[in-house]
Amino acid sequence: MSIQETLDALERMLLSKRIDERAFSLQRQGRMGTYSAVRGQEASVVGSSLALDPSVDWIVPQYRELPALLRHGLSIEGFLSYWKGNSEAARIPDGVKVLPPQIGLAAQLPHAVGLAWGLQLQGDPGAVMTFIGDGGSSEGDFHESLNLAGVMKAPVVFLLQNNGWAISTPRSKQSAADTFASRGEGYGVPSILVDGNDLFAVSAAAREAVGRAKSGEGPTLIESQTYRLGAHNTADDPSKYVDSGEKLQWEELDPIPRVISYLRARDAITDAEIDDIEARNEAEVARAVDVLDTIGPASAETLFDHVSSTMSIRLRRQRDQILKGASR
């Protein structure tokens, strides 16, 4: 990565951190719903997204990949509208090659493989990157998707963010395998284990994987070993299950100070320039929140929009009951 690419990546990482801080505040004020922060995983998300060309490549996210989605063309207010519950305001704009966030663990992976297979059949030059957490890799969809991707040599990259926790379940209780990356071998999927808090290592691994996908060599599984420095989401209290000493050890490996140290060692950034980046990010987040505040919460009726082309009698009855209760 060039110095300029590294500076751009740092700005995205700092923007992600600022959005996390503001989103947490908005949730606590009742201005937004549950939110899942990226904090601690910025290098994993930003580094992997740098391998993608937003004009041809697709992202199929879980729910903790905000800076990658912003780079691909999503707006801050659009993303936060999703957590506010307004599906119309959160609609992915035309031309932005991103699928909606997926809350159901690993449920997005079959779609990612299908999308990649479709690009392959159409002779499209793009590749697909899909994100999954360590907990999601215990779901059947994960294994079925790797198997199909391996068989079809689909141009898809599985970016598994191993942040140490599946909500409150530690890595040690999820799998007896030495690494999650080793699971790819059983499906004929080349796998890479990388330091997820090292921006440059993640970027290099992702570029290699995307290059393989686009050259017809098929899928890759990347296990990015990182750490969730905050809560699983705003409904979680990690103090009940995370050892404070463990967290302190990982805070020393915070990816943002690592990138800043790298740039300072090369006289490529000053404190004043960091302050300028922070000021720009603060202004952009403030602008997005102003827009978000003009977006009303979703109505009860919108829960049933886009569920099916023809509403069943049972679903219509449920809708009528909910709307009747909401009107009281």
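Computed from a predicted structure; not experimentally measured.
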(request) Determine which pairs satisfy salt bridge (Lys or Arg N to Asp or Glu O under 4.0 Å) with at least one residue from residues 24-36, sequence neighbours left out, and list them in order. (result) Arg31-Asp293
(request) Using the test side chain to side chain contact (heavy atoms under 4.5 Å, CB included), find all partners of Leu248 that sit at least two apart in sequence or belong to another chain. (result) Glu251
(message) Which residues end up grouped with Ile313 if you chain together Ile, Leu, Val, Met, Phe, Trp and Tyr wherever their side-chain heavy atoms are less than 4.5 Å apart?
(response) none
Show every donor-acceptor pair shorter than 3.5 Å between a side-chain atom in residues 140-159 and any protein atom, with sequence neighbours excluded, or say none if there are none.
| from | atom 1 | to | atom 2 | distance (Å) |
| --- | --- | --- | --- | --- |
| His143 | ND1 | Tyr187 | OH | 2.9 |
| His143 | NE2 | Ser137 | O | 3.2 |
| Ser145 | OG | Asp141 | O | 2.6 |

(request) For Asp267, check salt bridge (Lys or Arg N to Asp or Glu O under 4.0 Å) against everything at least two apart and list the hits. (result) none
(message) Under the ring pair (Phe, Tyr, Trp, His ring centres under 6.0 Å) definition, can you give me all pairs with a residue in residues 20-46, not counting sequence neighbours?
(response) Tyr35-Trp83
(request) Quickly, which of Asp20, Leu229, Ile19 forms a side chain to side chain contact (heavy atoms under 4.5 Å, CB included) with Val38? Name it, please. (result) Asp20
(request) Mind jotting down which residue pairs meet the side-chain hydrogen bond (donor to acceptor under 3.5 Å, both in side chains) criterion with at least one end in residues 69-81? Sequence neighbours excluded, please. (result) Glu77-Arg287
(request) Would you list the pairs meeting side-chain hydrogen bond (donor to acceptor under 3.5 Å, both in side chains) in which at least one residue belongs to residues 271-281, sequence neighbours left out? (result) Glu11-Arg280, Arg264-Asp271, Thr270-Glu273
(request) Kindly write out the residues that satisfy salt bridge (Lys or Arg N to Asp or Glu O under 4.0 Å) with Glu139, not counting sequence neighbours, or none if the list is empty. (result) none
(message) Listing request: all side-chain hydrogen bond (donor to acceptor under 3.5 Å, both in side chains) pairs with a residue in residues 95-111, at least two apart in sequence or in separate chains.
(response) Gln62-Gln108
(message) For the OG1 atom of Thr34 and the NZ atom of Lys84, what is their distance to the nearest 0.5 Å?
(response) 14.5 Å
(message) Tell me whether Val98 shares a hydrophobic cluster with Val210, the cluster being built from Ile, Leu, Val, Met, Phe, Trp, Tyr side chains joined at under 4.5 Å.
(response) yes
(request) Just grab all the salt bridge (Lys or Arg N to Asp or Glu O under 4.0 Å) pairs involving residues 50-61, residues at least two apart or on different chains. (result) Asp57-Lys214
(request) Kindly check if the number of other-residue, nucleotide or ligand heavy atoms within 6.0 Å of CH2 (Trp165) is above 12? (result) yes
(request) Apply side-chain hydrogen bond (donor to acceptor under 3.5 Å, both in side chains) to Ser25 and list each qualifying residue two or more places apart in sequence or on a separate chain. (result) Gln29
